[in-house]
Amino acid sequence: MDLSVGLGTDVGRMRSSNEDSLFADANRDRGLFIVADGMGGHAAGEVASAMAVEIITHDISLADPVEGGNARETMGRALRHANSAIYRRTVEEVEKQGMGTTASVLFLADDRFVIGHIGDSRIYRLRGEEFTQLTKDHSYVQEQVDAGLLTPEQARVHPYSNVITRCVGATADVEPEVSDGEFKEGDLFLLASDGLTAMLDDRRIEQILRTPLSPSRLVAKLISEANARGGVDNITAVVVHVAGPSSPAVLTQPTPVPDVAGRG
Ligand code: CA
């Protein structure tokens with residue numbers, strides 16, 4: 001398994017602090033990638049997203065080997081653990097009341113991926129001609145889309161587009177969405193906070209991901225374009241490329257993967 005990774009986070013052009021957190025770690029056997037988008041205001045949102053990253057990486061790193069059905073269980077348990085720990089702090093510390101975070105987690109091992117997801121950060125996969133959103137937003141506007149009341153494009157620019165219906169830390173327990181599947185050489189994964197996906201529609205994101213650039217250059221391009229279109233929120237992106245002969249569209253320049261937790 002040869003993973004090439006780019007990652008970046010940016011405060012954007014309107015906010016004074018960055019409440020997003022991210023994590024990326026890859027070696028020949030496995031890869032773990034997380035985007036978490038905190039909420040609750042300065043000194044709370046960034047605490048929630050950093051706690052989620054820390055707990056999830058810890059729990060998943062401990063579970064070894066993480067294979068087959070176990071990986072799904074481990075993923076669900078890690079997200080629940082993050083939820084209960086963050087929720088406890090919102091109860092115990094007055095200034096942390098109302099804090100919470102999204103969490104979108106991608107774990108790669110052998111030829112399998114496992115995704116754990118809560119909230120409206122997203123994981124996409126580019127595979128050949130297909131560009132697929134692998135997570136489903138837990139949001140008010142997504143429910144409206146499901147009910148046929150909004151189109152995805154109306155949802156993207158809706159005034160309530162940032163209202164989420166599931167959140168890490170908001171309640172004593174939470175139901176994580178866990179999915180898995182096979183990945184292949186040539187696959188390109190994108191994890192992103194809504195500061196990216198609110199500024200760029202899926203078509204534009206796909207266009208950018210199809211440009212022949214290294215993952216770090218792709219991340220830089222995504223972030224700069226989100227800023228050029230307003231940068232109204234913190235912008236975070238992680239691009240993971242499974243290098244292989246079937247991926248001529250992407251230059252496989254190896255990218256050093258910093259061990260980033262927190263605001264990067
Ligand atoms: Ca956000």
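Remember, it's 1-based here, ligands and their atoms both numbered in the order they're listed. Heavy atoms only: backbone and side chains are in, while hydrogens, waters and symmetry mates are out.
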If I take the Ca ion (ligand 1) as the centre, what angle separates the OD2 atom of Asp37 from the OD2 atom of Asp233? Nearest 10 degrees is fine. 160°
Atom of Asp194 closest to the Ca ion (ligand 1), considering N, O or S atoms: OD1
Are any N, O or S atoms from Asp120 nearer to the Ca ion (ligand 1) than 3.0 Å? no
Does Phe33 have its ring centroid less than 6.0 Å away from the ring centroid of Phe189? no
Going from CG on Leu190 to CZ on Arg125, what distance comes out if it is rounded to the nearest 0.5 angstrom? 13.0 Å
Are Phe131 and Val219 grouped together when hydrophobic residues (ILVMFWY) are joined by side-chain heavy atoms under 4.5 angstrom apart? yes
So, His58 versus His81, ring centres under 6.0 angstrom or not? no
